[in-house]
Visitor: 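Have a look at the structure that comes next, please.
Note that the structure is a prediction, hence the values are computed from the model and not measured. Letters A, B, ... mirror the listed sequences (proteins, then strands); counts begin at 1.
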There are 2 protein chains.
Amino acid sequence: MAPDRRLRPATQSDVAREVGVSRTLVSFAFRGAPGVSGETKEAIFEAARRLGYRPNAVAADLARKHRSAVGLYLMDIRNEVYADILSGVRMALPQDGNRLILSVSRSVDGVDGGALESLIEARVGIIIAATLLDPDERVLELAQIVPLVSVTRPVAGVDSVYSDDVAGARAATEHLLSLGHRRVAHLAGPIYDGHIARRQSYEKTMRDAGLKPQTLAADDFTQEAGQRAATLLLTQAERPTAIFTHNDQLALGAREAAYGLGLAIPGDLSLVGYDNSRTAKLHGIDLTSVDLHAIALGQAAGTIALERLNDPEAPVADKRLTPELVVRDSTAPPAP
Amino acid sequence: MAPDRRLRPATQSDVAREVGVSRTLVSFAFRGAPGVSGETKEAIFEAARRLGYRPNAVAADLARKHRSAVGLYLMDIRNEVYADILSGVRMALPQDGNRLILSVSRSVDGVDGGALESLIEARVGIIIAATLLDPDERVLELAQIVPLVSVTRPVAGVDSVYSDDVAGARAATEHLLSLGHRRVAHLAGPIYDGHIARRQSYEKTMRDAGLKPQTLAADDFTQEAGQRAATLLLTQAERPTAIFTHNDQLALGAREAAYGLGLAIPGDLSLVGYDNSRTAKLHGIDLTSVDLHAIALGQAAGTIALERLNDPEAPVADKRLTPELVVRDSTAPPAP
DNA sequence: ATGAAAGCGCTAACAC
DNA sequence: GTGTTAGCGCTTTCAT
């Protein structure tokens, strides 16, 4: 039967007392610091095991006046992109050493739950945030409180890792235009200052082609919101022959809306998403989508976070990756 | 310009000095403890705001010898079920008060990253774990180190909240049998002691009907693993006319495998998943699936966690919810 | 209503 | 190689 650690977890003092040495040695032993004889070390580990001692990383950070935990903020746990970013971040962090504390904003009910706040209170040393929706000034303020790496969105003066949304949205829009579409609509996410590059790039591309952009903002980033908004878009007098959406979830919603109205894809409506999620690849879905290389994004963010942790004075990082349009069967020339 | 808190975040002492009172009063004020005059309180909050003081929840926990953070372990961030559980847990936790620290096991690459371990090191007061794959004894050991609530899986002697997998798997299997299928296969997840109720229930249901069960374990819980395993299943001499899978991701993989082999669903193959995920509901996917009410599961777990935190001596909770089979177009009678 | 002092589990000089 | 001591930011008796 294991010792009952529930009442009072063993501490370094307990281990020290058990072995008959000072707390310092126990501390040194556990951190692999030099200056502990092999024998003592053995004895310490032995006693620690027996007592069920586990280092208290939190107290250690407090004493060290140095926060080793990295906080990862994810905007939307239901979006695969964020799972990929998490994966990437993990790859970049050393196996042990840095603890990773997660915090997600909206999960299904749109409840924020003070996700960022909880990271700050947990006293992480740095926050990797994907995706921040706040205005730039607010992000800068946050970065003042705790070092921040902004992922998927560039913020001047703050370490940023992102995909070139301008290029991605342009590629998507041009793909539709090159197929012969003229009434190409854009289904945007909710309006947030920091998240409008795709929309702007779409609108510019349309105007450059001499066409009138039509953007509709959904009230959320979810499939349901996409369905609601797309229904509006598709029941207009002159409905668009193609829709480019801010993300795949919105595209899937638009897809449901189209089928609900009896429209075929790509026969009556071409559809381009953004994220290149796993669902987009399914047989029968075959959604044309822009891949933003989320795993690479996460990896870069993790690396930058580590550097920032080690050197607060390092120059601000600004890393931009190039997205890639993946063409599938949801896009085709418009019906004649 | 905001004060630069990066160099040294303001502490209670700073605030106390600023106001000209003792640290104790600042502490009292921030916790709403009685015994601080209205005026002093005002002055303290004012100074705190000016200095950009933020309470250090971690240090507070240390001093209080009481851990207020609740840790949430999620097995698979790419599975919607876990996003729903997170939502439910959040609903149950009071807005402020308890910090929620997340930790996920496999994200995309199967890297564990010591997810549970990191929760323990973060010194959470209780861990809500969904889904633990370890054998019962190991779970009991863990629960010794820190109170644990097991979600989606019952463990004797440990607070548990789960869905009735036996009933769910039976309903799924019986549905296929009632359609007239006789060669019904089961695509299970990787073999873990704690996660075999669905498989066992399927096998029992088959035998009770006088049929021979055929179970194949995928090497992961992912769509890719499902596709690999299902390809094996479907290229046998006598291929099954129906497959019941451990979860929706495996079902989606089986779906890809079927299409890859030129088989129609449900014409040549009936398919039943588990989770009733959003993808299952998509037009063109229409996957028959078992809903385990993940949000309710999370809510119950959160409630139980709070109770356990307040009363370590409370009787062990065992809460079982009833799942529900949702029939869609992926199931039909077998071809004659 | 307010403050002094001890202590939470740990690290980090600095002695010996 | 080992021990002493003074914190880290906070809570909590116990005085005043």
Side-chain angles (χ1 to χ4, degrees), chain A residues 5 7-44 47-48 51-69 97 99 120-125 145-146, chain B residues 5 7-44 47-48 51-69 97 99 120-125 145-146:
Chain A
R5 297 143 193 158
L7 302 177
R8 200 179 67 73
T11 72
Q12 284 188 347
S13 300
D14 296 326
V15 177
R17 192 175 318 116
E18 179 85 2
V19 182
V21 295
S22 75
R23 267 161 56 213
T24 311
L25 280 190
V26 180
S27 174
F28 277 35
F30 269 91
R31 281 176 295 135
V36 187
S37 75
E39 264 182 58
T40 331
K41 211 180 281 192
E42 279 309 307
I44 286 174
L51 265 45
Y53 165 76
R54 314 185 66 94
N56 184 335
V58 160
D61 261 20
L62 183 59
R64 210 181 298 125
K65 312 155 80 137
H66 165 264
R67 358 223 78 133
S68 68
R99 283 165 296 141
I120 296 176
E121 286 194 1
R123 281 320 199 251
V124 297
I145 299 175
V146 49
Chain B
R5 298 144 193 155
L7 302 176
R8 200 178 67 73
T11 71
Q12 284 188 346
S13 300
D14 298 326
V15 177
R17 194 177 314 116
E18 179 85 0
V19 181
V21 294
S22 73
R23 267 160 59 209
T24 312
L25 280 190
V26 180
S27 175
F28 277 33
F30 268 90
R31 280 174 299 131
V36 188
S37 74
E39 264 181 59
T40 329
K41 211 181 280 189
E42 279 310 306
I44 287 174
L51 266 46
Y53 166 75
R54 314 185 66 96
N56 184 335
V58 160
D61 260 20
L62 182 59
R64 209 181 297 125
K65 313 158 81 139
H66 165 264
R67 358 224 78 135
S68 68
R99 282 166 297 139
I120 296 176
E121 287 194 0
R123 280 324 199 244
V124 297
I145 300 174
V146 49

Visitor: Base, sugar-phosphate alone, or nothing: which one does B:Arg31 contact when heavy atoms must sit under 4.0 Å apart?
Guide: base
Visitor: Atom CD of A:Glu39 and atom P of D:dT2: how far apart are they, to the nearest Å?
Guide: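 Answer to the nearest Å: 9 Å.
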Visitor: Taking only the side-chain nitrogens and oxygens of B:Thr40, find out if one of them lies under 4.0 Å from OP1 or OP2 of C:dA1.
Guide: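 No, because none of the side-chain N or O atoms of B:Thr40 sits under 4.0 Å from OP1 or OP2 of C:dA1.
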Visitor: Under 4.0 Å from OP1 or OP2 of D:dG3: is there any side-chain N or O of A:Ser22 that close?
Guide: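 So the side-chain polar atoms of A:Ser22 do come within 4.0 Å of the phosphate oxygens OP1 or OP2 of D:dG3, strictly under.
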Visitor: Is the base of C:dA4 touched by the side chain of B:Thr24 through a donor-acceptor pair closer than 3.5 angstrom?
Guide: yes
Visitor: Can you measure A:Phe30 atom CZ to C:dA12 atom P for me and round it to whole angstrom units?
Guide: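 After rounding, the reported distance stands at 16 Å.
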Visitor: Go through the steps to decide whether B:Arg31 and B:Ser27 satisfy the test side chain to side chain donor-acceptor pair (under 3.5 Å), and finish with yes or no.
Guide: CA-CA 6 Å; B:Arg31 280 174 299 131; B:Ser27 175; 2.8 Å; yes
Visitor: In whole angstroms, how far is the C1' atom of C:dT2 from the CD1 atom of B:Ile44?
Guide: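 In whole Å, C:dT2 C1' and B:Ile44 CD1 are 10 Å from each other.
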Visitor: Taking the nucleotide of DNA chain C with the nearest heavy atom to each, does B:Arg64 or B:Val36 sit closer to the 5' end?
Guide: B:Val36
Visitor: Any donor-acceptor pair, under 3.5 Å, between the side chain of B:Ser27 and the base of D:dT12, if you only look at N and O atoms?
Guide: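 In this structure, the two groups form no donor-acceptor pair.
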Visitor: Side chain of B:Ala60 only, please: which of C:dG9, C:dA1, D:dT11 is the nearest?
Guide: D:dT11
Visitor: Just the rounded figure in Å: distance from C1' of D:dT2 to CZ of A:Phe28.
Guide: 9 Å
Visitor: Given 3.5 Å as the limit, does a donor-acceptor pair link the side chain of A:Asp14 with the main chain of A:Thr11, or not?
Guide: yes
Visitor: B:Lys65 NZ to C:dG7 P: how many Å, rounded?
Guide: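 That distance rounds to 10 Å.
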Visitor: Walk me through it: do A:Asp61 and A:Arg67 pass the test side chain to side chain contact (heavy atoms under 4.5 Å, CB included)?
Guide: CA-CA 5 Å; A:Asp61 261 20; A:Arg67 358 223 78 133; 4.1 Å; yes
Visitor: Would you kindly give the CZ-to-P distance between B:Arg17 and C:dT2, to the nearest whole Å?
Guide: 19 Å
Visitor: Rounded to whole Å, please give me the gap between CG in A:Leu62 and P in D:dG9.
Guide: 7 Å
Visitor: Can you tell me how far the CG atom of B:Leu25 sits from the CD atom of B:Gln12, to the nearest 0.5 Å?
Guide: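 Rounded to the nearest 0.5 Å, the CG-CD separation comes to 10.5 Å.
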Visitor: Of the non-hydrogen atoms in B:Arg99 and A:Ala122, which two are nearest, and what is the gap between them?
Guide: NH1-CA, 4.4 Å
Visitor: Return no unless some side-chain N or O of A:Arg123 is found under 4.0 Å from OP1 or OP2 of D:dG9.
Guide: no
Visitor: Whole-Å distance between D:dG9 P and A:His66 NE2?
Guide: 14 Å
Visitor: Identify, between B:Val21 and A:Gln12, the residue whose nearest nucleotide on DNA chain C lies closer to the 5' end.
Guide: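 Here B:Val21 is the residue nearer the 5' end.
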